[in-house]
K.L.:
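Before I ask anything, here is the structure I am working with.
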Number of protein chains: 2
Amino acid sequence: MSTQVNESQVPTGSDDLDTETRIFEAALKVFARKGKDGARLQEIADEAGIHRPLLHYYFRTKQQLYEAVAERLFTDFLLSFDAPAEGGRFADTLKAFIDHYIDSVREHRHAAMWMVTENMAGSPILGEMLARAFATEGSPQRAMVEAVELAVESGEIRPVDARQLMLTVVSACVFPFVTLPTVKMMNPLAAEDFDAYLEERKAHLFEVVCHGLASREVSDA
Amino acid sequence: MSTQVNESQVPTGSDDLDTETRIFEAALKVFARKGKDGARLQEIADEAGIHRPLLHYYFRTKQQLYEAVAERLFTDFLLSFDAPAEGGRFADTLKAFIDHYIDSVREHRHAAMWMVTENMAGSPILGEMLARAFATEGSPQRAMVEAVELAVESGEIRPVDARQLMLTVVSACVFPFVTLPTVKMMNPLAAEDFDAYLEERKAHLFEVVCHGLASREVSDA
DNA sequence: AGAGTGTTTGACAACATAGTCAAACAATAA
DNA sequence: TTATTGTTTGACTATGTTGTCAAACACTCT
């Protein structure tokens with residue numbers, strides 16, 4: 001860990017938000033990057049541009065800071081979903097889902113990293129949250145699964161397991177953010193103009209998932 | 001982090017390998033789960049079923065242990081690639097790539113997690129490794145990109161950016177392992193018989209990437 | 001058995017990190 | 001101006017973690 005890509009080495013502290021908010025955002029970043037045990041309060045304080053005892057003044061303990069950030073994170077995450085538009089062609093629903101998901105992860109990249117870190121540490125929290133969402137009548141998550149199943153039944157799309165499909169699309173949307181330094185090193189466009197790269201990625205992903213690679217002339221079972 | 005999915009809570013120490021190997025494997029797991037800063041030597045020692053000072057006896061310092069494991073990890077990772085078979089249909093090449101990649105990540109799950117952790121902490125090491133591999137004439141990584149480009153030129157597959165495609169496929173292969181607890185909670189088959197789930201996943205991913213979702217009857221631009 | 005080798009152990013020292021606290025400070029209202 | 005309130009600071013303590021070491025141990029060879 002001696003050499004590091006300088007990821008926004010400008011500390012969050014330069015924004016002129018109030019102290020509590022700055023701590024909050026700094027904690028989000030550091031916990032996301034390093035996990036709960038890997039994060040140091042000093043590192044969070046530096047990132048926020050404040051003195052360490054202030055962390056305790058505002059959030060008492062590391063544990064409580066962690067929980068406070070986690071709670072807002074999870075709410076935001078679930079709320080960041082749109083319900084798929086009813087009725088339209090499935091291709092449009094899919095396009096909207098991909099575009100929105102990638103935008104959402106761009107905005108909440110550290111939230112995504114946080115969830116990944118939690119998962120790698122073995123925490124069931126994301127699973128519980130999603131299971132609850134999928135079980136909730138009318139939740140955007142469940143609606144998306146139902147949209148897929150409906151499209152399969154109506155023959156609009158080829159038969160496919162809805163959960164496998166969701167996992168595939170979500171993987172393809174989230175993973176590049178989780179491996180951001182690598183992506184930026186492998187793709188010049190990603191390094192120069194990341195937003196443009198993401199637009200390209202949205203288009204690519206939709207193309208592949210919707211139409212596949214096989215050219216139309218080639219027929220197959 | 002209070003509640004955790006009991007991921008192989010049987011410590012590695014139960015295998016009757018020699019001490020050094022047990023430390024090695026325990027370190028791999030713990031570093032992968034927690035990152036370098038999050039990992040505690042005591043935790044590694046417990047996982048290996050040995051006393052902590054033995055870590056220092058065999059590897060001197062935490063840093064050196066980390067580097068020793070990282071080095072073998074990276075070599076193994078690069079070697080775990082097969083060159084794509086020359087000449088065959090691209091669909092076969094793709095199928096082989098997906099199958100092999102998923103098998104490879106299953107075997108080296110903690111290696112994959114390690115890389116993700118490194119990336120999230122901002123390390124350029126994976127990017128450097130891959131950039132080198134892609135620049136090396138005749139490397140399996142480069143061969144795969146060339147196979148895609150060849151298939152595009154010959155019209156065997158629709159026009160697609162080879163690097164975007166690789167990222168999409170790799171994301172879809174790796175991400176489920178990185179979010180394993182969640183995947184197991186969302187999909188009953190994954191919880192009951194993970195190997196069977198992976199076979200299903202291989203088939204699904206190939207189907208989607210190769211043929212897409214659109215049913216053949218629907219024509220489009 | 002006894003010397004020699006490599007391994008394991010428990011006790012310890014040095015350092016890093018979390019958390020506390022009283023004093024200093026800034027802003028405001030009386 | 002002086003209280004009052006909430007915020008910030010530096011110094012401090014307690015605990016956790018890494019790293020060291022000498023003694024104990026197990027094993028082989030003579």
Side-chain angles (χ1 to χ4, degrees), chain A residues 1-2 4 11-71 114 117-118 120-122, chain B residues 1-2 4 11-71 114 117-118 120-122:
Chain A
M1 235 79 95
S2 44
Q4 303 247 335
T12 318
S14 21
D15 337 10
D16 48 356
L17 302 163
D18 72 342
T19 309
E20 189 166 349
T21 310
R22 275 160 53 176
I23 293 175
F24 211 94
E25 313 225 305
L28 172 56
K29 285 189 192 175
V30 176
F31 279 134
R33 287 204 283 261
K34 301 286 206 70
K36 188 184 135 197
D37 294 340
R40 297 290 119 91
L41 291 185
Q42 188 57 60
E43 206 180 338
I44 296 176
D46 291 348
E47 177 82 36
I50 55 148
H51 286 256
R52 194 172 53 76
L54 276 181
L55 298 180
H56 294 101
Y57 179 74
Y58 284 98
F59 293 94
R60 206 71 185 161
T61 67
K62 185 181 185 181
Q63 181 66 29
Q64 281 179 52
L65 173 57
Y66 187 80
E67 283 164 11
V69 181
E71 192 183 323
W114 184 303
T117 303
E118 281 283 315
M120 291 200 302
Chain B
M1 229 81 86
S2 44
Q4 304 247 334
T12 319
S14 22
D15 343 11
D16 48 357
L17 301 163
D18 71 346
T19 309
E20 189 167 347
T21 309
R22 275 163 50 179
I23 294 176
F24 211 94
E25 312 226 306
L28 171 57
K29 285 190 192 176
V30 177
F31 279 132
R33 286 204 284 261
K34 301 288 204 71
K36 187 184 134 197
D37 295 340
R40 297 288 119 92
L41 291 184
Q42 188 58 59
E43 205 179 338
I44 296 175
D46 291 348
E47 176 82 37
I50 55 150
H51 286 255
R52 194 174 52 77
L54 276 181
L55 298 180
H56 295 101
Y57 179 75
Y58 283 98
F59 293 94
R60 205 69 184 164
T61 67
K62 187 182 185 181
Q63 181 65 28
Q64 281 178 54
L65 173 58
Y66 187 78
E67 282 164 11
V69 181
E71 191 183 324
W114 185 301
T117 303
E118 282 282 318
M120 290 199 304

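Note on naming: letters A, B, ... go to the chains in the order of the sequence lines (proteins, then strands), and numbering restarts at 1 for each one. Reckoned from all heavy atoms, side chains included, excluding hydrogens, waters and symmetry mates. Everything quoted here is computed from the prediction, not taken from an experiment.
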K.L.:
When you measure from the side chain of R60(B), which nucleotide among dT18(D), dT20(D), dA18(C) comes out closest?
P.N.:
dT20(D)
K.L.:
Apply side chain to side chain contact (heavy atoms under 4.5 Å, CB included) to the pair F59(B) and V69(B), showing each step before the final yes or no.
P.N.:
CA-CA 10 Å; F59(B) 293 94; V69(B) 181; 5.8 Å; no
K.L.:
Pair V30(A), D46(A) - check side chain to side chain contact (heavy atoms under 4.5 Å, CB included), show working.
P.N.:
CA-CA 10 Å; V30(A) 176; D46(A) 291 348; over 6 Å; no
K.L.:
Take atom CD of E43(A) and atom P of dA16(C), then tell me their distance rounded to the nearest Å.
P.N.:
15 Å
K.L.:
Rounded to whole angstrom units, what separation is found between the CZ atom of F59(B) and the P atom of dT20(D)?
P.N.:
16 Å
K.L.:
Take atom CD1 of I44(B) and atom P of dT18(D), then tell me their distance rounded to the nearest Å.
P.N.:
8 Å
K.L.:
From CG of D37(B) over to C1' of dT17(C), roughly how many Å is that when rounded to an integer?
P.N.:
13 Å
K.L.:
Just by modelled atom types, is the Q42(B) backbone N or O under 3.5 Å from a matching donor or acceptor in the R52(B) side chain?
P.N.:
no
K.L.:
Donor-acceptor pair, K29(A) side chain versus F24(A) backbone, under 3.5 Å?
P.N.:
no
K.L.:
Given the rule in the side chain to side chain contact (heavy atoms under 4.5 Å, CB included) test, do H56(A) and K62(A) qualify, once you have shown the distances and angles that lead to the verdict?
P.N.:
CA-CA 8 Å; H56(A) 294 101; K62(A) 185 181 185 181; over 6 Å; no
K.L.:
Could I get a table of every N or O pair under 3.5 Å where one atom is in the protein and the other is in nucleotides 8-11 of chain C?
P.N.:
unit_1: dT8(C); atom_1: OP1; unit_2: T19(B); atom_2: OG1; d: 2.9
unit_1: dT8(C); atom_1: OP2; unit_2: Y58(B); atom_2: OH; d: 2.9
unit_1: dG10(C); atom_1: OP2; unit_2: H51(B); atom_2: ND1; d: 3.2

K.L.:
Between the side chains of R40(B) and E47(B), is the shortest nitrogen-to-carboxylate-oxygen separation below 4.0 Å, so that they form an ion pair?
P.N.:
no
K.L.:
Just verifying a value: how many Å separate I23(B) CD1 and L41(B) CG, rounded to the nearest 0.5 Å?
P.N.:
10.5 Å
K.L.:
Are any protein N/O atoms closer than 3.5 Å to N/O atoms in nucleotides 23-27 of chain D? If there are, list each pair with its distance.
P.N.:
none

K.L.:
Rounded to whole angstrom units, what separation is found between the CD atom of Q42(B) and the P atom of dT15(D)?
P.N.:
18 Å
K.L.:
In whole Å, what is the span from the CG atom of L41(A) to the C1' atom of dA16(C)?
P.N.:
12 Å
K.L.:
In whole Å, I'd like the distance from the NZ atom of K36(B) to the C1' atom of dT17(D).
P.N.:
14 Å
K.L.:
Is a side-chain donor or acceptor of R33(A) paired with a backbone partner of A121(B) at a separation under 3.5 angstrom?
P.N.:
no
K.L.:
Mark yes or no for whether K34(B), through its side chain, and G35(A), through its backbone, hold a donor-acceptor pair below 3.5 Å.
P.N.:
no
K.L.:
Using whole Å, report how far CG of L65(B) lies from P of dT18(D).
P.N.:
11 Å
